[in-house]
Number of protein chains: 2
Amino acid sequence: MAEPSTARSLKRSSSPRKAATVEGDIDTSYLETLTGYNARRAALTIISVFLERMAQYELRPVDFSVLSLIAHNPGITSRQLCGALDILPPNLVGMLRVLETRGVIEKREHPTDRRAQGLHLSAAGKKLYTKAQRTASQLELDTLSDLSPQERETLHSLLRRVYRPTRGPAASDQTM
Amino acid sequence: MAEPSTARSLKRSSSPRKAATVEGDIDTSYLETLTGYNARRAALTIISVFLERMAQYELRPVDFSVLSLIAHNPGITSRQLCGALDILPPNLVGMLRVLETRGVIEKREHPTDRRAQGLHLSAAGKKLYTKAQRTASQLELDTLSDLSPQERETLHSLLRRVYRPTRGPAASDQTM
DNA sequence: TATTGTTATACTCTATAACTATA
DNA sequence: TATAGTTATAGAGTATAACAATA
């Protein structure tokens with residue numbers, strides 16, 4: 001058993017960008033030409049705020065993602081969660097067990113496949129997720145307050161095109 | 001001692017987006033409204049390619065970032081690296097030791113502070129970094145081939161505004 | 001034979017406390 | 001007293017191999 005208890009610590013300092021030593025003197029211009037560097041820095045910045053505000057629900061980003069997909073896809077299976085969130089099956093087991101122990105989710109028998117199990121939010125889980133989603137949406141507004149709604153949409157669109165390559169029209173692998 | 005050897009494994013599967021099970025059936029639309037989610041997914045996608053292509057140099061993303069900052073900021077100190085890259089000092093020690101053992105970097109005495117030490121690339125380090133940077137820049141072109149140069153610049157600009165909040169004009173904390 | 005969920009486990013990443021030498 | 005670099009170590013995150021039950 002890998003999980004010590006139901007409630008996890010969730011602590012993390014997250015270092016809110018303190019310019020203790022000099023930092024403006026350092027030339028980071030080349031790294032800033034790399035999308036991976038910029039995307040990772042941006043993600044970590046937002047995640048640090050996410051951790052703070054979601055601590056009240058004892059939800060890490062991955063827990064919230066799992067609940068969100070279950071909420072919007074009732075009956076989703078463990079494997080489907082893994083595929084959608086890029087989590088390895090062994091690493092999901094413990095998370096689901098904790099969420100089930102907390103009474104947030106329920107495992108029901110799959111309608112057609114007796115190996116699988118459909119995942120659902122409990123009544124308490126729905127209440128928790130509703131509050132958590134509101135917090136997440138508010139966090140989005142707060143951390144991206146420097147960007148206009150249109151800039152935010154542009155950012156999301158561009159990011160999606162990075163991690164979910166355009167399989168759309170004008171593709172190169174068409175049969176004729 | 002935390003490092004087992006000079007050369008590290010660098011192995012990682014990185015799962016190149018295989019749609020093994022269904023995945024298009026899963027509704028991820030809410031998560032995709034969250035910048036943190038999108039930024040993290042994009043970063044992980046690029047980093048997985050980065051890991052593959054940088055394996056020949058035995059450099060992880062963090063190693064490359066360290067070398068890049070030393071290359072462009074000769075004499076930079078350990079603390080400055082930590083500040084610029086958001087790495088905790090204890091976690092940098094091992095990386096620098098490995099790079100020094102590999103003959104890639106050199107530690108020299110700091111000109112004014114005898115506690116600190118200036119970091120520099122060795123001749124071999126400069127050759128290695130030059131090749132690595134070329135690989136990184138090519139990777140940027142390849143992984144972002146769906147985006148025009150202008151879209152790429154827009155993406156970088158927006159990401160920087162997320163992780164490095166605009167401290168510029170029209171700020172709210174002015175004295176008058 | 002392949003897939004779902006699972007256990008056990010190893011490895012990597014990230015964080016804290018505490019020490020020394022110097023400022 | 002505070003800071004730079006370091007050690008030791010704990011905790012969280014990510015990976016592989018292998019198994020039973022079912023498809």
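Below, read A as the first sequence line, B as the second, and so on, with proteins coming before strands; counting in each chain starts at 1. Source: prediction; values computed, not measured.
- You'll find that the side chain of A/Arg115 is closest to C/dT4, out of D/dG13, C/dT4, D/dG5.
- The side-chain hydrogen bond (donor to acceptor under 3.5 Å, both in side chains) with A/Tyr163 is formed by just one residue from the set B/Thr45, B/Asn38, B/Thr143; it is B/Asn38.
- A salt bridge does not link A/Glu109 with A/Arg115: none of the charged nitrogens is closer than 4.0 Å to a carboxylate oxygen.
- Between D/dG5 and B/Arg114, no contact under 4.0 Å exists linking OP1 or OP2 to a side-chain N or O.
- The separation between B/Arg79 atom CZ and D/dA4 atom P is 5 Å, rounded to whole Å.
- Here the nucleotide nearest the side chain of A/Asn91, chosen from D/dT14, D/dA8, C/dT4, is D/dT14.
- When the nucleotides C/dT6, C/dA23, D/dA8 are ranked by their closest atom to the side chain of A/Val93, C/dT6 comes out on top.
- The distance between atom CD1 of A/Ile87 and atom C1' of C/dT6, rounded to the nearest whole Å, is 16 Å.
- Toward the 5′ end of DNA chain C lies the nearest nucleotide of A/Gln117, the other residue of the pair A/Arg40 and A/Gln117 mapping further downstream.
- At whole-Å resolution of the value, CZ in A/Arg108 and P in C/dG5 are 16 Å apart.
- Rounded to an integer number of Å, the gap from CG of B/Leu51 to P of D/dT14 is 13 Å.
- Per the geometry, NE2 belonging to A/His110 stands 13 Å off C1' belonging to C/dG5, to the nearest Å.
- At the phosphate of D/dA12, neither OP1 nor OP2 sits under 4.0 Å from any side-chain N or O atom of A/Arg60.
- Looking at the side chain of A/Asp113, the nearest of the listed nucleotides D/dA23, D/dG5, C/dA17 is D/dA23.
- Between A/Tyr57 and A/Phe64, the ring center distance fails the sub-6.0 Å criterion.
- Distances were taken from every side-chain heavy atom of A/Leu88 (C-beta onward) to each of D/dA15, C/dG5, D/dT7; the shortest belongs to D/dA15.
- D/dA12 atom C1' lies 14 Å from atom CD1 of A/Ile47, rounded to whole Å.
- For D/dT6, the OP1/OP2 oxygens have a side-chain nitrogen or oxygen of B/Lys107 closer than 4.0 Å.
- When all heavy atoms of B/Glu151 and B/Asp146 are compared, the pair lying nearest together is OE1-O, 4.0 Å.
- The CG-C1' distance, from A/Leu85 to D/dT14, rounds to 15 Å in whole Å.
- Electrostatic pairing of B/Glu100 and B/Arg102 does not count as a salt bridge here, judged by no charged N lying under 4.0 Å from a carboxylate O.
- Separating the CG atom of A/Leu44 from the P atom of C/dC13 is a distance of 14 Å, rounded to the nearest angstrom.
- With the nearest nucleotide of DNA chain C identified for both A/Ser78 and B/Thr112, A/Ser78 has the one nearer the 5' end.
- For B/Arg97, the listed nucleotide lying nearest its side chain is D/dT7; candidates were D/dT7, C/dG5, D/dA4.
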